[in-house]
Each structure stands twice: as C-alpha cells, then as structure tokens.
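First up is the structure itself, then whatever we jot down about it.
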Amino acid sequence: MKIRKNAVTMILLLSFLINAFYPVSSYSCTAMNSTRSVVFAGSAPTDIMLMAEQSVSSGSAVVPEQTIQPVMTPVPDASSGSGAVAEPVITFDPDALTEDELRTADEFKRKKVKGIKLKKNIENSVVIKWKKVTSAACYKVYRANNKDGIYKAITITDKHRFKDKNAKKRKKYNYIVKAVLNIKNNNFFSRSSKNISVYVMPKKPRVVIAGECFVEDFAYQSSAFPSNYHLVYKIGVNTYTMIHNNYFDNDGYLVTGIEKIATYRPDRVYFLIGANESAWQKPDWTMTNFKYMFGLLKKINRNVQIVLIAVPPFGVTSTQNIPSPERRAEYNRAYMEYADTHNNIFFCDATYVLQDPSGYLSGSYDGGDGCHWNTTGTSEVIKALKKWSRDTFDSW
C-alpha cells in the first residue's frame, strides 16, 4: 500500500509540474464539410496527425488543410520572400454564411488551378508558375519526393509563382498547387493543379560537347567554356563511328566516343555532329544511331539533358563533300521533330549565326573551303550556344 501511495503522489506531482511549465494551449481545428469544431489540447499537430485529406486527382495522398489544421499556423516558408503569407484563419461556421456565400464557396471548390509550368530547375532555385484563380486569397504549394508519394505543404503564397530554395541537386520532386478562398474566416480549397515533376540540375552541371571537327575548333577557344565543360571530338567522326570505333583515349585505353562521353557521367550533352554523314546518308540512319546513344546515356543518368545542335550551313561551293541545302534542312527538321516529341531532348540552332541571307555559309565566317569556320565564326557559334543555354536552362 505504501508503494502504491508513493506512486500516486509521484503522478500527481508530475502532473503539477507539466501544467506549471507547459500550460495547455488550444488549437481550433476544423474539418471541411463539417458543422462542428474539434479542439486539440497541447502542442501543434504533427505530420502524423495530418493524414486525413482525400487524395488529389492524381491519386496521391496529400497532407490535409481543413481536416486538422491549427488556426493561424504559418506553413514553413520555403520561398524566402516570394509572397509567403500566414494561413488564413479557419473557423468554419456555416451559419455565419449567406446562401450566396455558400454558393460562391461551392463554385470555388470546383475550380482547378491551371497552367502550372516549370520556369527554372536549378538547385535551391526551382521556380514554378501557374495561372491566377479568380477570387483566390492565396495559394498552397505542396511537394512530394515522387508522383505517388505524400504531398506535404511547403508554403502559402499570395503570388501565382513559387521559388523553392530547398530543392537539392540531382533530386526529383513533384509539385501541386491549390487555391484558397476565405469568406468570413472560412477557408475553401480549389481542386489541385496537375502534378508537375521536376528534376533539379546542379548550379554547375557536368557538361559534354561531342562531335566532329567543329568541336575541335571549340577546343582552340577552350577559355570560353566553364571548367565543368568537357569536349569530346575527332575529325571525320559520324554518329555510327562514335558508337563503334575506338578513337578516343581514356587513361591510356582506347574507347568509343559514347564510352568517352559516359566517363564524365554528364548532366547534359551537346551533340554537334551530322555534317559528315549528311552528304551521303538520310536522317533516319543518323537518328537510329542517336537513339542508341541516348539509350546508353540514360542508363547512366535517366535525367540527362541532350541537345542536338543544328547541322551548320555550307558554302555555295566547297572542296569538301557537303550536303545540299535541302538535305541539311531535312536533317535539322528531323532533329527538331525528335526533340519536340521526347522529354529532355532539345534542338539548338546555334549555327544560324553563320548564314548569309540566302542560307549559305557567310563569307565572313568561311574558313576557306566552304565547309569549316574561321576563328570569328567559331566565336559567334559559341556565343549563340551560350545565350541559348542560358535562355533554355538558365545555366551555362
């Protein structure tokens, strides 16, 4: 009996100390489509308590808003000044709303956030945008580590764009957005946007530029390229020999061109190749070789960015075996169409700067044989490639 009495005394003392140093606080939490409030005593709800909301249209679980959400609890701000706001107060008292207000709320819940787009995917600087939703007070942004994962709220913003400064390089994230309507301290949420999947590129990606003699010309101006760029080239190479011939040195061993490219484990590869073969092969042959190389590169990095640089213009006459203007156009059209229909494949017409008004290699950039470029021409292509890369990837 003495032991039991001492135990009871200890429990009462512990209860007194807890209430003295950690007083009970209340968080008014409500459930959407419910007419009653639920009050939780103690600390704010954890993520484990936030698992009740119905799935979004993608079928993935989403951390709930209305189900168990404390009043005036701001979502952690991942945007650092990009319009982040505290979540509007939620009381959900439908008796305080008029029939018109309830009708407005019901219409809002059927709306969907549209036009979500990726604007930038650099580490600590992923930017997404979406179209404004009429009457929305703010927007709630969610992120998951995969498409079918748990989407957790990472910010609330009154802007229609968001910058995620906590996105880690070479990671893949998925984002959705919901709009929020607030009427007399009652929150109503729209349908979610479609899922947008984002692979985060490093600020300094590993980059390879591979190809024929034109890439060799780049090597003579190597100071124009950042230290994270690597040039893989051989005079006379084509897409077939890039795969099958051991032309390239790798620490004393001869390897194929595609094997040499792979040793750098690239985040991005530019191919400036096709001029040699375009004089005697059709684009289908070249594209078959490209597809094989793309498949190998994606086994190393499934998110590798691949850029097909346009076959350049040639002179009206040339001492080299060059394609006709029609065949060149056919090749570039094949490059462009393939890029338009495949993820992470891009077409870059950086060689357009070399053309004269008739579409031939300008005499100002002709190296003397109607095919190769002089130093000025090479510099102009590098500048055009740099500008295109910054416009497309926001990096060089």
Side-chain angles (χ1 to χ4, degrees), residues 29 31-32 44-70 73-80 82-88 90 109 111-131 133 136 138-180 187-203 267 298 301-305 343-344 394:
C29 308
M32 187 70 132
T46 65
D47 282 345
I48 296 175
M49 299 168 65
L50 300 177
M51 303 298 295
E53 186 188 352
Q54 64 181 1
S55 298
V56 294
S57 57
S58 65
S60 304
V62 181
V63 173
E65 298 96 353
Q66 302 86 356
T67 308
I68 310 177
Q69 182 66 37
T73 301
V75 175
D77 176 18
S79 61
S80 301
S82 298
V85 296
E87 182 154 13
I90 305 174
K109 288 187 291 182
K111 290 183 179 181
K112 184 176 182 177
V113 177
K114 296 180 179 180
I116 186 168
K117 292 181 180 179
L118 174 67
K119 301 300 291 183
K120 187 177 180 181
N121 67 324
I122 305 298
E123 62 176 303
N124 300 327
S125 188
V126 168
V127 178
I128 59 173
K129 293 183 69 176
W130 56 89
K131 292 182 179 179
V133 176
C138 56
Y139 302 88
K140 201 165 186 177
V141 182
Y142 301 79
R143 190 180 76 183
N145 291 332
N146 58 74
K147 184 179 179 181
D148 297 320
I150 302 299
Y151 284 77
K152 296 185 178 181
I154 55 174
T155 199
I156 297 172
T157 176
D158 56 5
K159 310 282 186 190
H160 57 104
R161 60 179 286 139
F162 167 66
K163 183 176 184 179
D164 188 352
K165 291 191 174 183
N166 293 320
K168 306 304 180 184
K169 66 182 178 181
R170 298 191 179 95
K171 296 288 185 180
K172 199 166 189 176
Y173 299 103
N174 293 268
Y175 298 86
I176 60 172
V177 180
K178 286 190 174 186
V180 184
N187 271 7
F188 302 92
F189 289 78
S190 74
R191 295 163 59 201
S192 68
S193 68
K194 71 175 184 179
N195 167 286
I196 183 169
S197 182
V198 179
Y199 177 76
V200 184
M201 291 290 287
K203 289 180 180 177
D267 296 300
K298 287 183 179 294
N301 177 1
R302 63 184 299 178
N303 296 292
V304 63
Q305 297 170 333
N343 291 332
N344 276 350
D394 205 32

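Just so you know, these numbers come straight off a predicted model, no measurement behind them. What's counted below: heavy atoms across the whole structure, side chains too, no hydrogens, waters or symmetry copies.
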Which value, rounded to the nearest 0.5 Å, describes the distance between I122 atom CD1 and K163 atom NZ?
-> 11.0 Å

Minimal non-hydrogen separation, R143 against N166, with atom names | NH1-O, 3.6 Å

NZ/K129 to NZ/K159 distance, rounded to the nearest 0.5 angstrom?
-> 12.0 Å

Hey, does Y199 have a side-chain heavy atom less than 4.5 Å from the side chain of R170?
-> yes

How about I156 and V180: do any of their side-chain heavy atoms sit closer than 4.5 Å?
-> no

Just do the side chain to side chain contact (heavy atoms under 4.5 Å, CB included) check on K168 and V200 with the steps written out, would you?
-> CA-CA 7 Å; K168 306 304 180 184; V200 184; over 6 Å; no

State which residue, out of V177, I116, V113, fulfils the side-chain contact (heavy atoms from CB on, under 4.5 Å) condition with K194.
-> I116

Does the side chain to side chain contact (heavy atoms under 4.5 Å, CB included) test come out yes or no for V126 and Y173, once each step is laid out?
-> CA-CA 10 Å; V126 168; Y173 299 103; 5.6 Å; no

Main-chain N/O of K131 paired with H160 side-chain donor or acceptor, under 3.5 Å | no

Can you tell me how far the NZ atom of K120 sits from the CG atom of D164, to the nearest 0.5 Å?
-> 12.0 Å

How far does CG of N146 sit from OH of Y151, to the nearest 0.5 angstrom?
-> 7.5 Å

Show the numbers, then the answer: is there a side chain to side chain contact (heavy atoms under 4.5 Å, CB included) between K112 and S190?
-> CA-CA 6 Å; K112 184 176 182 177; S190 74; over 6 Å; no

Compare every heavy atom of N343 with every heavy atom of K298, then report the nearest pair and how far apart it is.
-> NZ-O, 4.2 Å

Output the distance between atom NZ (K178) and atom OH (Y139), rounded to the nearest 0.5 Å.
-> 15.0 Å

Scanning both residues in full, the closest heavy-atom pair of A136 with A179 reads CB-CB, 4.0 Å

Looking at CD of E123 and NZ of K203, how far apart are the two atoms once the value is rounded to the nearest 0.5 Å?
-> 5.5 Å

Can you see which heavy atom on V133 is nearest to which on K111, and at what distance?
-> CG1-CD, 3.9 Å

Scanning both residues in full, the closest heavy-atom pair of V141 with F162 reads CG1-CD2, 3.8 Å

Inspect the surroundings of NZ in K114 and state if more than 12 heavy atoms from other residues, nucleotides or ligands are less than 6.0 Å away.
-> no

Please step through side chain to side chain contact (heavy atoms under 4.5 Å, CB included) for the pair I154 and Y175, ending with a clear verdict.
-> CA-CA 10 Å; I154 55 174; Y175 298 86; 4.1 Å; yes

Below 4.5 Å, heavy atoms only, C-beta onward: do Q305 and D267 meet side chain to side chain?
-> no

Is it the case that more than 12 heavy atoms not belonging to K169 sit under 6.0 Å from its NZ atom?
-> no

